[in-house]
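Proteins get letters first, then strands, A, B, ... in listed order; numbering begins at 1 in each.
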Number of protein chains: 4
Amino acid sequence: MRDPVSESDVRGVDLAEVGIRGLDLPVMIREKAGTLARVLGRVEAAVALPHYERGTHMSRFVEILNRWSKKAIAGSEMATMLGELRETFHSPRALLRLEFKYFLAKQAPVSGLISQLDYDCSFQGDLSDEGYVFTLGADVPIMTVCPCSKEISDRGAHNQRAILRVRLHTLPDTVLWLEDLIPLLESQGSYGIFPVLKRPDEKAVTEAAYDNPKFVEDVVRDTILALRATPGITWYSVRCDSHESIHNHMAYAYGEGGIG
Amino acid sequence: MRDPVSESDVRGVDLAEVGIRGLDLPVMIREKAGTLARVLGRVEAAVALPHYERGTHMSRFVEILNRWSKKAIAGSEMATMLGELRETFHSPRALLRLEFKYFLAKQAPVSGLISQLDYDCSFQGDLSDEGYVFTLGADVPIMTVCPCSKEISDRGAHNQRAILRVRLHTLPDTVLWLEDLIPLLESQGSYGIFPVLKRPDEKAVTEAAYDNPKFVEDVVRDTILALRATPGITWYSVRCDSHESIHNHMAYAYGEGGIG
Amino acid sequence: MRDPVSESDVRGVDLAEVGIRGLDLPVMIREKAGTLARVLGRVEAAVALPHYERGTHMSRFVEILNRWSKKAIAGSEMATMLGELRETFHSPRALLRLEFKYFLAKQAPVSGLISQLDYDCSFQGDLSDEGYVFTLGADVPIMTVCPCSKEISDRGAHNQRAILRVRLHTLPDTVLWLEDLIPLLESQGSYGIFPVLKRPDEKAVTEAAYDNPKFVEDVVRDTILALRATPGITWYSVRCDSHESIHNHMAYAYGEGGIG
Amino acid sequence: MRDPVSESDVRGVDLAEVGIRGLDLPVMIREKAGTLARVLGRVEAAVALPHYERGTHMSRFVEILNRWSKKAIAGSEMATMLGELRETFHSPRALLRLEFKYFLAKQAPVSGLISQLDYDCSFQGDLSDEGYVFTLGADVPIMTVCPCSKEISDRGAHNQRAILRVRLHTLPDTVLWLEDLIPLLESQGSYGIFPVLKRPDEKAVTEAAYDNPKFVEDVVRDTILALRATPGITWYSVRCDSHESIHNHMAYAYGEGGIG
């Protein structure tokens with residue numbers, strides 16, 4: 001059988017990424033406690049394709065991913081997987097993007113009740129001749145109380161759910177656990193969000209949030225200051241999308257920058 | 001050319017619906033003022049397929065829809081379109097479902113500023129030997145302030161955007177305009193939602209909503225009472241999905257019933 | 001603290017469902033092999049609210065769900081959970097809807113390579129004075145080759161991914177495993193779908209699918225016949241949505257019916 | 001009333017973007033024929049916020065957008081809007097992102113039937129002290145027939161719908177109309193996609209696509225060559241996402257580059 005994928009190409013166009021997207025796969029994430037969390041991953045995997053090759057054998061991505069879905073994944077394991085992808089495909093560059101819901105136990109502030117809250121997280125690895133870049137991502141739901149609404153109103157203040165979206169790079173030898181990053185981000189809103197709140201909890205959350213009003217601009221700036229104060233982070237992007245309760249659209253703020 | 005679609009079928013299975021879904025098409029909606037609104041429609045069209053026919057000529061749906069996209073659509077026009085579908089396909093039943101964003105002018109309560117707010121609406125028509133049923137749908141964003149949070153807290157109260165989703169049937173000779181239905185639904189929340197609010201507006205909205213706290217249960221019950229008091233409505237379903245600002249999930253209530 | 005939720009209500013409106021939606025939670029599904037699958041669940045839980053009660057203590061849903069997320073779930077366990085919900089809320093009716101991605105091993109037809117394929121599945125339980133109704137759901141990706149395109153063309157035939165969506169009820173003492181239902185549904189398309197196919201597999205899949213062209217009407221009818229021939233099923237609804245490769249919309253067919 | 005938005009800030013953090021997202025608004029797009037197309041726009045508008053200002057008056061974005069929704073929009077008008085945003089907000093940078101479905105008439109290849117096909121398009125403008133950058137975007141559905149499947153199979157070849165996603169910059173005095181760009185992109189697949197095809201059309205489409213098999217790698221490379229040959233384009237990014245009919249995931253290729 002002739003193999004069109006293996007043919008040479010004369011169009012002279014290098015492709016930055018060739019691979020698969022939207023693959024759902026159970027994967028295991030290394031947790032801070034040393035244990036493993038089995039999560040539902042959505043995966044994107046690709047390699048660079050030099051101009052002289054026509055195509056890529058896509059099935060190899062899924063074979064490699066299936067094998068790796070049985071092992072624990074964290075920043076360092078992704079580098080190993082990417083090395084295997086580069087070698088298998090004889091490619092100068094390999095990429096992996098993994099999105100998953102991660103759960104952490106949240107304790108209600110007064111009753112002490114514990115329940116599981118979900119966070120949209122991501123790992124991205126990019127390995128090329130220029131080195132290895134790992135990007136950690138977390139989208140954390142928070143509550144924002146509007147400072148303007150509180151200031152001008154005789155009573156009440158509009159508030160809403162907002163999503164604080166952070167992507168960051170760390171020094172090669174730094175491991176930043178989601179278990180540490182997520183609580184840091186949750187503390188940047190007017191208050192955090194909880195799956196279970198009994199009535200004394202709800203009173204505490206309502207009052208504490210009302211006492212700590214924040215614009216999206218405030219949330220992003222405070223988050224940036226907190227990330228700058230965290231050792232080992234070399235780059236960040238921070239966005240806060242607030243689903244305004246008085247509007248049918250979002251207010252948002254965005255900032256990014258390198259550190260050190 | 002043999003036409004497999006036109007073959008007879010011996011499996012003996014009637015199909016309730018055969019047609020197309022997810023077709024995007026610009027359509028014209030008849031407005032209360034007598035004018036026409038050009039909107040972006042997402043269309044589903046189908047006919048029943050008797051057990052003795054193998055298939056349906058799907059291209060005819062798109063041909064008919066393209067022709068109708070140049071005419072105004074409201075409840076009565078849908079009946080005409082469905083009659084044409086039934087005749088073209090020699091089918092006992094024809095269905096049309098149309099979803100579209102509809103815009104109405106909203107006036108801010110103090111400044112009087114006017115801006116356009118979007119509402120997810122739908123028309124559905126079902127014509128069979130048992131008659132014609134038209135279902136009108138509107139999903140209206142509102143604000144809900146939690147009565148429990150207000151009651152137990154010394155200051156503030158959590159609030160959020162909620163969506164009030166209504167579907168209803170009317171008497172054959174009743175025309176219920178979206179221009180009348182939507183404001184009726186908006187008035188069932190703690191307060192309405194606006195694209196533009198200046199600071200005096202924001203003060204008015206915050207205070208009025210705080211003075212009118214409502215659970216999703218309250219919103220749905222008050223909506224049902226308002227629909228029962230509206231002449232010509234014969235059936236309703238009402239759901240309120242509240243995107244709780246203190247949780248990462250929704251609270252909801254649902255009720256449905258016939259009138260008269 | 002006054003508790004507005006516990007107040008009585010004079011509006012006289014019964015609500016069919018009051019509860020929570022969009023809650024993400026890891027849950028454990030009982031597998032045919034006797035083992036447990038940990039999956040990511042999206043949950044909806046509700047009770048009916050009699051007209052004389054103002055509200056529902058929503059936090060109890062999450063407390064109960066958190067406790068149950070540590071136990072295995074299948075049709076019979078849902079009945080137990082619903083009984084607990086009815087009792088906790090003193091309600092005549094309780095509802096649970098659980099959506100999750102389920103993975104089964106798929107073997108490539110020639111190479112024999114095994115990989116995991118994902119299926120969108122659902123469990124729904126409804127317990128009231130009228131009894132317990134459990135609805136099993138599975139959305140299975142298949143391939144459809146168009147019989148018309150094959151018939152009229154000198155070479156080739158358009159084909160595409162389609163989703164076969166089935167919901168069904170079974171007799172109280174019947175357990176229909178997803179491990180048995182899903183392969184039954186996959187065999188109704190022109191051919192199944194695979195995460196990994198090597199070149200000899202791809203040849204086999206292409207040719208077998210081309211030799212077995214099917215309209216969405218054919219897929220739905222054949223599925224209905226297969227479900228009717230499966231002992232213990234008392235009701236079904238079947239939809240096939242085909243993402244036509246020659247159009248930007250879907251072709252679909254739908255049928256439902258009771259058995260016995 | 002104290003205005004917290006207008007306060008000064010001492011945190012020393014510049015924000016790249018502060019504004020609104022997810023606003024739905026009817027807008028008018030300038031067409032090649034000189035006419036105007038009324039489309040449903042989803043809008044994002046933002047300005048940069050210097051470190052010494054605490055917040056942004058978000059309502060002004062919606063006021064300006066409402067006023068502009070009554071005028072025609074194309075690349076040059078966006079520059080004017082952005083100038084107004086910069087001036088209103090006294091900001092060094094303003095951004096607008098507009099996403100909309102655009103319709104073009106498609107003629108079936110044999111019957112000559114004309115129908116409307118929808119394309120997801122976008123305009124993005126970024127005005128700062130470094131100048132004005134306009135990005136034009138179009139996501140065009142095409143059909144891809146797999147060359148490998150065709151080569152190795154005795155009959156048939158798997159094919160599917162794919163989306164060709166292009167973003168590009170042009171020289172300041174170049175106007176690239178969607179009416180010209182979209183047909184150029186459609187011709188890069190194995191064949192185009194149509195809302196209405198009669199049986200002779202379907203035969204022609206099936207055979208022509210079968211005679212022109214293409215990998216996603218081929219589609220992206222041929223598109224890049226076509227864009228390089230189009231006068232006035234200075235930068236492009238091209239992605240092809242193919243919804244493989246034999247898999248439950250996508251195959252994709254991506255390339256980007258500057259010209260001249």
inquiry  = Let me confirm one number: the CG-CZ distance from B:Asp222 to C:Arg11, rounded to the nearest 0.5 Å.
reply    = 4.5 Å
message = With a 4.5 Å cut-off on side-chain heavy atoms, are B:Met250 and C:Leu23 touching?
response = no
note = Cut-off 4.5 Å, heavy atoms of chain C, and the answer for B:Ile224 is side chain
note = Scanning both residues in full, the closest heavy-atom pair of B:Pro147 with C:Pro4 reads O-CG, 3.8 Å
ask   = Rounded to the nearest 0.5 Å, how far apart are SG of C:Cys148 and NE2 of B:His57?
value = 7.0 Å
note = Closest non-hydrogen contact found for B:Glu17 with C:Tyr252 is OE1-OH, 2.7 Å
ask   = Do you know which of C:Gly19, C:Gly12, C:Ala46 has the most heavy-atom pairs under 4.5 Å to chain B?
value = C:Gly19
note = Within residues 234-246 of chain C, the residues sitting under 4.5 Å from chain B by heavy atom, in sequence order, are C:Arg239, C:Asp241
request  = Heavy-atom pairs under 4.5 Å with chain B are the metric here; pick the option from C:Leu225, C:Leu49, C:Asp218, C:Asp14 that has the most.
outcome  = C:Asp218
Short side-chain to backbone donor-acceptor contact, B:Glu217 and C:Thr56, under 3.5 Å = yes
ask   = Which atoms of B:Val5 come close to chain C, meaning under 4.5 Å heavy atom to heavy atom: side chain ones, backbone ones, both, or neither?
value = both
inquiry  = Quick check on the interface: out of C:Val220, C:Val62, C:Asp9, who has the most heavy-atom pairs with chain B under 4.5 Å?
reply    = C:Asp9
remark   = Under 4.5 Å to a heavy atom of chain C? For B:Leu15 that would be both
ask   = Given a strict heavy-atom distance threshold of 4.5 Å, which part of C:Ile152 is in contact with chain B: side chain, backbone, both, or neither?
value = both
inquiry  = With a 3.5 Å distance limit and no angle check, can you tell me whether B:Arg221 reaches the backbone of C:Val13 through a side-chain donor-acceptor pair?
reply    = yes
query = Between B:His249 and C:Val43, does a side chain to side chain contact (heavy atoms under 4.5 Å, CB included) hold up when you go through it step by step?
reply = CA-CA 10 Å; B:His249 58 262; C:Val43 184; over 6 Å; no
query = Which answer fits C:Arg228, side chain, backbone, both or neither, if we ask what part of it has an atom under 4.5 Å from a heavy atom of chain B?
reply = side chain
Side-chain heavy-atom pair B:Glu151, C:Asp3 within 4.5 angstrom cut-off = no
remark   = Ordered numerically, the heavy-atom neighbours of chain B under 4.5 Å found in residues 253-260 of chain C are C:Ala253, C:Tyr254, C:Gly255
